[in-house]
Amino acid sequence: MPSTPRESANGTALPWPGGGDNGLRVAVLGSTGSIGRSTLDVIAAAEGRLSAHVLAAHTNVSHLLDQAARFRPRWVAITDPTAAAGIGAAALPSGTSLAVGPDALDDLMADPAIDRVVSAIVGAAGLRSTWAAVEAGKTIALANKETLVMAGPLVIRRAGETGARIIPVDSEHSAIHQALACGRPGEVRRIVLTASGGPFRTRPRESLADVTPAEALRHPTWSMGPKITIDSATMMNKALELVEARWLFGLPASKLAVVVHPQSIVHSLVEFVDGAIIAQLSPPDMRLPIHYALFHPVRVAGPARRLDFNAAMSLDFEPPDLARFPAVRLGQEAAARGGTAGAVLNAANEEAVRGFLDGALRFTDIAEVCRRALAEHPFQEHPTLDDIRRLDAWARQEVGKWACV
Ligand code: NAD
Ligand code: MG
């Protein structure tokens, strides 16, 4: 990777990981979402070392146009053609072109001017553009965990063939990525994902069936999009992250563990064979893992909040309550089985979360319908992308039926 010194605003010479006159040109997929907005914060704070080359969103056109006016990207992409209807050239800044529809976004991923892709579309919909970025051999800051949950082995293998690099943005996986640098692959005893435990860590178990969407959408430590916030409340988020870690780090499920850490300051830990445990600590602020992924392997100052050791703080850890949060077991199972298990778990969960938010399912039904989908699906050990898409559709249909009864 080319390395040319640059100067920061305070005059310090900085190592520089490549890029053109506008710094590293970033494609932000899902720019109007929680991760997308944090990514633009990181770009704005990067003193010209990063620029937005593509901003892509699904339906939130007015927000996207505001972002375009501020960041003046080369491309704005709207994946929902209906939402894009009626946008004239006058709505875009000069020098910005419009791409409409998911195929157009996939095609954009091959643009040689893109230095980094931030994959931050929510849900299974994020797989296709991430796959296109993998095909194009890009360096991908991956927030869309569903990509690896659904198709981890295929994505990792294809990335090896095309030269694509995947740097995790999920805070736990970013922490592990950093901690793994302290040893060699054969020296890892296990990795331990931390989980906040969400808003219902201590709520009486018998009342969980009565949880309302509004209660589940109030996360104690993180501010995130609605889907992942519900996943944190059921701890399905940790289930998905176990599967994500399985493929991202190439470790067997037996070397993956979960610990509940309510303060969300220790973002995960790696235990090495000698007993040393290396952790990464910082306040809960997604701008740090995004910043880390965009600049990797270089570290430069960024906008994320910092820990203040002048204020008293305590760090608590407790084992997850698997009876309260049965979703965690489903993640352990999907990570151990591999094959189509991750895709089915993910699709069933997406549909169940939708059902819960629409009032068709109770909070406790979410894990239950996912368990049923996982148990009843026609498992395949080595699926193709088409097999994965087919089973994704199957799982959604099954959950849809259960949600109606
Ligand atoms: P969000 O709901 O806030 O934003 C989603 C973005 O995806 C929006 O820009 C939206 O326009 C776009 N989008 C939605 N449906 C789409 C579709 N069908 N096609 C194209 N674009 C579509 O979500 P978020 O919380 O920012 O999460 C994004 C991803 O990052 C998820 O996979 C999530 O699991 C992961 N993640 C998020 C956080 C977090 O703190 N928010 C942390 C770790 C990982
Ligand atoms: Mg996470």
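Owing to the predicted nature of the structure, the values given are computational and were not obtained by experimental measurement. Counting convention: from 1, in listed order, for ligands and their atoms alike.
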Between [X] and [Y], is there a donor-acceptor pair closer than 3.5 Å when you use the side chain of the first and the backbone of the second?
| X | Y | value |
| --- | --- | --- |
| T194 | V266 | yes |
| H377 | L374 | yes |
| E187 | R184 | yes |
| D285 | A304 | no |

Judged by modelled atom types alone, do [X] and [Y] share a side-chain donor-acceptor pair under 3.5 Å?
| X | Y | result |
| --- | --- | --- |
| H173 | E244 | yes |
| H219 | T229 | no |
| Q178 | S174 | yes |

Judged by non-hydrogen atoms, does [X] sit under 4.0 Å from ligand 1?
| X | answer |
| --- | --- |
| I228 | yes |
| K227 | no |
| G126 | no |

Heteroatom distance test ([X], ligand 1): nitrogen or oxygen, under 3.5 angstrom:
| X | result |
| --- | --- |
| G225 | yes |
| R37 | no |
| G33 | yes |
| T59 | no |
| A57 | no |
| S34 | yes |
| S171 | no |

Handout entry: Nearest candidate to atom 5 (C) of ligand 1, where distance is taken over non-hydrogen atoms, out of T147, V122, L240
Key = V122
Completion exercise
If you compare P226, A120, S223 by their heavy atoms, the one closest to atom 28 (C) of ligand 1 turns out to be A120
Practice task
Please confirm whether R299 makes a cation-pi placement over Y292, using NZ or CZ under 6.0 Å from the six-membered ring centre and within 45° of the ring normal.
Solution key: no
Handout entry: Cation-aromatic face contact R158/W131, 6.0 Å, 45 degrees
Key = no
Check each atom of ligand 1 against the heavy atoms of [X] and keep those under 4.0 Å away; list them by number with element.
| X | result |
| --- | --- |
| I35 | 26 (O), 30 (O), 37 (C), 38 (C), 39 (C), 40 (O), 41 (N), 42 (C) |
| N144 | 32 (O) |
| M224 | 39 (C), 40 (O), 41 (N) |
| A143 | 30 (O), 32 (O), 35 (C), 36 (N), 44 (C) |
| A125 | 17 (C), 18 (N) |

Practice task
Taking the six-membered ring for Trp and the single ring otherwise, decide whether the centroids of W222 and H267 are under 6.0 Å apart.
Solution key: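 That pair passes the under 6.0 Å test.
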For N/O/S atoms only: which one belongs to [X] and is nearest the Mg ion (ligand 2)?
| X | value |
| --- | --- |
| E172 | OE1 |
| D170 | OD1 |
| E241 | OE2 |

Handout entry: Mutual orientation of the aromatic rings belonging to F356 and F363 [parallel < 30°, tilted 30-60°, perpendicular > 60°]
Key =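 Rings of F356 and F363: perpendicular, as their planes differ by over 60°.
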Exercise for the section: If you have a sec, work out which protein heavy atom is nearest atom 34 (O) of ligand 1 and how many Å separate them, to one decimal? Expected result: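 Answer for atom 34 (O) of ligand 1: K145 CE, 3.3 Å.
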Exercise for the section: Indicate, as side chain, backbone, both or neither, the part of M286 found under 4.0 angstrom from ligand 1 when only non-hydrogen atoms are considered. Expected result: side chain
Got a list of side-chain donor-acceptor pairs under 3.5 Å for residues 28-37, not counting sequence neighbours?
| unit_1 | atom_1 | unit_2 | atom_2 | d |
| --- | --- | --- | --- | --- |
| S31 | OG | Q67 | OE1 | 2.7 |
| R37 | NE | T32 | O | 3.1 |
| R37 | NE | G33 | O | 3.3 |

Scan the side chains in residues 83-90 for donor-acceptor partners under 3.5 Å anywhere in the protein, sequence neighbours excluded, and list what turns up.
none

